[in-house]
Amino acid sequence: MPRFEYAPAPESRSIVDIRSSYGLFINGSFVDPADGGSRKTVNPATEEVLAEVAEAGESDVDSAVRAARRAYDEVWGPMRGADRAKYLYRLARLIQERARELAVLESIDNGKPIRESRDVDIPLVAAHFFYYAGWADKLRHAGFGPDPRPIGVAGQVIPWNFPLLMLAWKIAPALAGGNTVVLKPAETTPLTALAFAEVCQQADLPPGVVNIVTGGGETGRLLVEHPGIDKVAFTGSTEVGRAIAKSVAGTTKRLTLELGGKAANIIFDDAPVDQAVEGIVNGIFFNQGHVCCAGSRLLVQESIVDDVLARLRDRMAQLRVGDPLDKNTDVGAINSAAQLERIRELSAAGEAEGADRWSPPCVLPDRGYWFAPTLFTGVSQAHRIAREEIFGPVLSVLTFRTPAEAIEKANNTPYGLSAGVWTEKGSRILDVAAKLRAGVVWANTFNKFDPTSPFGGYKESGYGREGGRHGLEAYLAH
Ligand code: NAD
């Protein structure tokens with residue numbers, strides 16, 4: 001049967017106006033760093049330098065924390081919840097108004113397909129602000145006592161995989177609860193956080209309520225270790241999370257950690273296979289697999305494994321890898337050279353340990369950071385690719401015979417962030433979900449997010465919940 005080729009359908013980047021350099025956003029204004037430096041942020045799809053971005057040093061972080069403290073003591077802490085809500089609604093509406101610009105900017109700085117930034121990331125960002133705006137004047141009805149109080153100044157550090165969405169997860173509940181924030185975006189994806197700083201100015205948010213300090217790991221460390229911080233919220237690697245937990249231990253700071261994952265996506269023999277294949281693809285190739293809750297371990301019941309793999313290979317061959325700004329693209333660029341190296345290294349280890357590697361034929365662009373969607377079969381639980389988080393478009397397939405074996409294999413990981421179950425039987429969904437040690441279990445779907453639903457992990461995936469009513473708890477003293 002003849003196949004029609006897709007014509008290129010690139011989203012125009014003329015809607016974004018990227019400055020050549022950016023300062024730090026402290027006390028409502030962009031300022032030059034006093035003792036820091038700067039670093040470049042690049043477009044991972046082309047390696048083009050996008051902007052020179054300030055790197056906050058010790059005195060910059062100190063200025064930001066002081067600004068947040070003043071704003072907390074004098075303006076935001078004492079403000080009525082109903083008034084805080086007005087600001088949060090205003091932020092949500094401005095994000096909606098600037099949605100197209102923010103989506104394009106996110107795709108340029110991160111490498112994710114425009115279809116995802118436009119249809120998933122940015123709508124969820126706005127939804128988070130709308131949702132928590134609704135809570136701001138109802139905190140006493142949230143189930144945390146008759147008069148829950150804010151905690152104070154939050155120091156928040158986020159990763160590069162969902163830059164603006166992770167910012168929303170952190171900032172919206174903090175502000176709704178009456179806290180002020182200093183947030184550090186990841187060094188490879190600072191641009192949408194800086195655009196959000198402009199949105200705060202547009203919304204006339206009182207100076208100091210939101211401060212954005214850009215920089216690398218050292219800036220993050222200075223922030224979380226600053227004595228003026230009351231609450232630390234971190235999303236990123238388990239290794240850094242562990243270091244932060246140590247540095248916070250013995251202080252009065254509150255801490256929530258959202259770390260890595262190695263989720264099992266379990267396909268039982270009565271599952272609707274075509275839907276399951278869509279769920280497998282969405283589970284691991286969404287956002288190039290740069291997803292802490294990615295379904296990176298596929299567990300398939302042995303009796304249907306040949307059928308599932310044949311259909312999965314067909315489906316993977318349809319994935320379009322390339323220009324993130326093309327509206328037909330399914331898999332974009334890997335976020336950085338360092339991450340690409342890690343994915344290559346772990347994939348090479350998979351081959352060296354004896355697993356079978358397969359990728360569909362696909363032509364990768366010459367410049368930029370790219371990795372073809374990859375499937376490993378013949379994987380054993382001892383292989384590194386079955387144990388370690390790859391954080392890339394790489395799927396490891398294992399099999400099982402009985403539900404008990406599936407549960408045992410799924411739980412055989414130091415992580416516990418998410419899992420998926422595919423079966424036609426409702427009773428099996430309930431039974432298996434209750435036995436999986438994972439913060440989120442999706443049934444006959446995967447990677448679905450909603451601001452009303454709590455998200456977080458067990459074991460080395462961290463502690464604390466973000467989203468929903470539970471997400472408020474981390475920002476309230478009661
Ligand atoms: P990372 O933990 O090094 O970085 C996350 C954030 O923490 C960044 O903003 C970084 O600048 C900051 N940071 C680094 N060192 C710090 C320190 N000592 N104190 C305070 N902040 C610090 O993660 P990464 O290098 O971006 O990615 C490495 C691995 O982490 C990935 O391969 C993946 O396995 C995992 N990861 C998980 C998530 C998640 O959502 N759970 C997100 C990104 C990365």
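Counting convention: from 1, in listed order, for ligands and their atoms alike. Side chains are part of it too, since the values below use all heavy atoms of this structure and drop only hydrogens, waters and symmetry mates. Keep in mind that what you see is a predicted model, and the values were worked out from it rather than measured. All residue numbers in this chain count up from 1 along the given sequence.
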Measure the distance from [atom] to every protein heavy atom, then report the residue, atom name and distance (to 0.1 Å) of the closest one.
| atom | value |
| --- | --- |
| atom 25 (O) of ligand 1 | W160 NE1, 4.4 Å |
| atom 29 (C) of ligand 1 | S237 CB, 3.7 Å |
| atom 36 (N) of ligand 1 | F391 CZ, 3.6 Å |
| atom 34 (O) of ligand 1 | E389 OE1, 2.6 Å |
| atom 16 (C) of ligand 1 | V240 CG1, 3.4 Å |

If the contact criterion is a heavy-atom separation under 4.0 Å, does [X] count as touching ligand 1?
| X | result |
| --- | --- |
| E239 | no |
| A243 | no |
| F234 | yes |

Is the NZ or CZ atom of [X] positioned over [Y]'s six-membered ring, under 6.0 angstrom from the centre and within 45° of the axis?
| X | Y | value |
| --- | --- | --- |
| R469 | W135 | no |
| K231 | Y475 | yes |
| R19 | F30 | yes |

Look at R320 together with D326 and state whether they make a salt bridge at an N to O cut-off of under 4.0 Å.
no
Flag the pair R98 and E198 as a salt bridge only when some basic side-chain nitrogen lies within less than 4.0 angstrom of an acidic carboxylate oxygen.
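Between E198 and R98 there is a salt bridge, with a charged N closer than 4.0 Å to a carboxylate O.
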Does E58 have more than 12 heavy atoms from other residues, nucleotides or ligands lying within 6.0 Å of its CD?
no
Centres of the F446 and W422 rings: under 6.0 Å?
no
Please confirm whether Y132 and W169 have ring centers closer than 6.0 angstrom.
no
Ligand 1 contact on [X] by region, counting heavy-atom pairs under 4.0 Å:
| X | answer |
| --- | --- |
| E218 | neither |
| R342 | side chain |
| L259 | backbone |
| E187 | side chain |
| I158 | backbone |

Contact atoms of ligand 1, heavy-atom distance to [X] under 4.0 Å:
| X | value |
| --- | --- |
| N161 | 40 (O), 42 (C) |
| A186 | 9 (O) |
| R221 | 19 (N), 20 (C), 21 (N) |
| E258 | 41 (N) |
| G220 | 19 (N), 20 (C), 21 (N) |

Would you mind finding which of G260, G236, G217 brings a heavy atom closest to atom 37 (C) of ligand 1?
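Shortest heavy-atom distance from atom 37 (C) of ligand 1: G236.
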If you measure every N or O of T235 against every N or O of ligand 1, does any of those distances drop under 3.5 Å?
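No - when backbone and side-chain N and O of T235 are compared with those of ligand 1, no distance drops under 3.5 Å.
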I'd like to know whether K448 forms a side chain to side chain contact (heavy atoms under 4.5 Å, CB included) with T445, so could you lay out the CA-CA distance, the side-chain angles of the two residues, the decisive distance to 0.1 Å, and finally the verdict.
CA-CA 7 Å; K448 286 275 180 285; T445 186; 3.4 Å; yes
May I ask whether atom 3 (O) of ligand 1 is less than 4.0 Å from at least one protein heavy atom?
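Yes, at least one protein heavy atom sits under 4.0 Å from atom 3 (O) of ligand 1.
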Do we see a donor-acceptor contact under 3.5 Å between the side chains of D35 and S59?
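Side-chain D/A pair, D35 to S59: present.
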Check the side chains of E55 and S38 for a donor-acceptor pair under 3.5 angstrom, ignoring hydrogens and angles.
no
